[in-house]
2 protein chains.
Amino acid sequence: MLSLVDIRTRIEAGTLTPEGAVRLSRDAIAAREPAVGALAYIAEAPAIPAEGPLAGIAVGVKDIIDTADLATQMGSPIYAGWRPKADAAVVSRLRALGACVLAKTTTSPFASIDPTETRNPHDPGHTPGGSSAGSAAAVAAGMLPLALGTQTGGSVIRPASFCGCAAIKPSFRLLPTVGVKTFSWALDTLGLFGAGVRDLSYALAHLAGRPEIDGAAASANPRIGLVLQDFAGAAEPEAQRALEAARSAAERAGARVSTVALPDPLPEAWALHRVIQDYEGRQALAWEIAAHRAELPATVGGHLDAAAAITAAEYDAARRCAHRSRRVLKDLFGDFDALLTYSAAGPAPAGLGGTGDPRYNRLWTLMGVPCVNVPVPGDGLPVGVQVVARFGDDGRALAVARLIEGALARG
Amino acid sequence: MLSLVDIRTRIEAGTLTPEGAVRLSRDAIAAREPAVGALAYIAEAPAIPAEGPLAGIAVGVKDIIDTADLATQMGSPIYAGWRPKADAAVVSRLRALGACVLAKTTTSPFASIDPTETRNPHDPGHTPGGSSAGSAAAVAAGMLPLALGTQTGGSVIRPASFCGCAAIKPSFRLLPTVGVKTFSWALDTLGLFGAGVRDLSYALAHLAGRPEIDGAAASANPRIGLVLQDFAGAAEPEAQRALEAARSAAERAGARVSTVALPDPLPEAWALHRVIQDYEGRQALAWEIAAHRAELPATVGGHLDAAAAITAAEYDAARRCAHRSRRVLKDLFGDFDALLTYSAAGPAPAGLGGTGDPRYNRLWTLMGVPCVNVPVPGDGLPVGVQVVARFGDDGRALAVARLIEGALARG
């Protein structure tokens, strides 16, 4: 993979130019993209600023995020060739930081559940996950050092786990979603994919304008709560082994790990995530439903049809449960620096007919808390683990994730 | 003014057709628009559905709200002639309910503070207020029975007060802002303008899919807290007289009115509203600043420039204060069915160089609570009062507003 921090270090040292750095991405795209299919659109002659903390960083932008100079097609023929007027806020921020917006990355239609044509870079017979399929696959295939995704259920952490790269779903609205095609305004969160945790810290600190995110260090002996999320069902053996490996690594690095069961009403909130997602999705995509229902793919179309039955009272009750749950979770973080749990139920499923199950991600999206995927080295297809911290504590989530990443690498 | 409920009653009775109802608006536009200038764009041959609870209702849509079939120009030359791909969610909803989207209404550029060319329908030498200038003026001039606006500070309630029509800024996100050009995602709220409170209740209940909003009745002897918002400075004599008239009317209608001072930290939250607004505005309009700074008008451009100095820590502190304040305000509503306060500091200021002061509106937008403007009959330019209820209690806000409206009309 292309490490953002490595590229920036070489540019700072004068051994690589921003143009040369972007050429690394172009070369990798030429080599890998035909087999992976992660990119919806490649810019022909994008600006490559000479200065800025992200100068030389070629970025992939999920294709539900508006770009004024590149088509933004939402993974759907309804938006074929569509060119928005303005860049999304986060894209403007990328450019202001010197990044090169090199490509749009594939997305499930409207960032929902139907698959893309993208293949898992570790095995073309397996899904890369979704909905941020192209962003995860492009970073994992070494084509890009940074990519943007979004998560409504598990659309950042799950594909990162399947593809074997690092990723963060930050605290809700840490990065602005203005100019992002919303599915659920209470859930949709912009996220980042990178080669390693340090790359994420660097990028997020700059994008959010919060330098302390990158400077954060884990406490000497962080307290980590191991969460199995039993309410979501059992994980597959590969995921169980990855979680156990991460737990052991954390303990070797000095962490105090103890198993914790999530108190009420968190399991209930987990179950109600979909009520909020689909009630809002049906409103957010009202124009697409009214004007283009036949062009919506089967799964998301079916979900949106079914969502017509969700009542305002059910939605309100789900929101209230989520609100109570956030307070309970905040209290829980009085006892723990971070929680450690599954990123996905197992490795990427075989076939390209689905994008896998977000069941270990939904709760955290609803809680709005920062989540980091840490790949766990091993044989076979990638599997990651998920580090979760308190709302607004993105720096700590990344610091604990880095501690685990380092301990895993030392073996 | 054209009453939505009156039009619907006549259509239901068979004495008016939807086409005939829309013609009432067209005729009024022909007579009044040249002097008022409330409309940014008039549809030539809009669909007029025969069925639906809003069939026959000609609606004006503030020009920061996306319409697929009409230009959406944000009150700015940057967006001259811009045609979005999709309808905003609320516009799709209007059409699904049978409404006729007849016109886009003028807005301050990017729904901020710089004036439009629109004139107050009661005196062309006075501002109609802003930023939802055209929506307020079009309804007050009798051109449209319903119009959509948005409020970040006081952009719905203030122009309604200045123009002399009813308006509601509902609970935060009761109506989805998908497809609305955001200034501040934590504040921006869609609102409605109508001839009277009953018209708002009918429209909001249907738009939100919450029939109980229209059916709500005030309790027999509602407890009303009179709030002077001293922290915002003194109101002008006309506004003081209007508030006193509304208080007396409420008491005649059986309400128990007592003066209440807002407890800490609500005055502090009021002062911090602008921190949130401008910190987010600078991100939301990042593309416009980067690509078109010279085309931004003086006031909003200056605010956005100054917002570069707001730190993330200041923003976070403001958000935390707002969060604490919402809990305190919720508790206060244990003692009151509604609060009664100023809608604006006085009648519409003379001249078209400004849009008036939102100082009595900012706190309530930040609190996310429903606010209704009730015009107070009197000599001279219009002045309204503002009824505020608990978050989510939009039906109660409207019911108390209607009680006051009725008592004022009986004199």
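Side chains are part of it too, since the values below use all heavy atoms of this structure and drop only hydrogens, waters and symmetry mates. Every chain is numbered from 1, with letters handed out A, B, ... down the list of sequences.
- Residues satisfying the side chain to side chain donor-acceptor pair (under 3.5 Å) criterion with B/Tyr79, sequence neighbours excluded, are B/Lys181, B/Glu288.
- When each of A/Ala291, A/Ala284, A/Gly209, A/Gly179 is scored by its heavy-atom pairs under 4.5 Å with chain B, the top score falls to A/Ala284.
- Counting heavy-atom pairs closer than 4.5 Å to chain B, the top residue among A/Ala313, A/Ala186, A/Pro176 is A/Pro176.
- Looking only at side-chain heavy atoms (C-beta outward), B/Thr177 and A/Trp185 stay at 4.5 Å or farther from each other.
- Scanning all heavy atoms of the two residues, the minimum distance from B/Ala89 to A/Ala286 falls at O-CB, 4.5 Å.
- A/Lys85 places a side-chain N or O within donor-acceptor distance of the main-chain N or O of B/Ile78, the cut-off being under 3.5 Å.
- B/Arg210 has a carboxylate O that lies under 4.0 Å from a charged side-chain N of A/Asp316, or vice versa, which qualifies the two as a salt bridge.
- At a 4.5 Å heavy-atom cutoff, the contact between B/Tyr315 and chain A is made by side-chain atoms alone.
- Contact tally against chain B (heavy-atom pairs below 4.5 Å) for A/Ala312, A/Ala208, A/Ala86: the top residue is A/Ala86.
- When each of A/Glu212, A/His292, A/Arg173 is checked for heavy-atom pairs under 4.5 Å with chain B, A/Arg173 comes out on top.
- For B/Arg83, the part sitting under 4.5 Å from any heavy atom of chain A is the backbone (N, CA, C, O) and nothing else.
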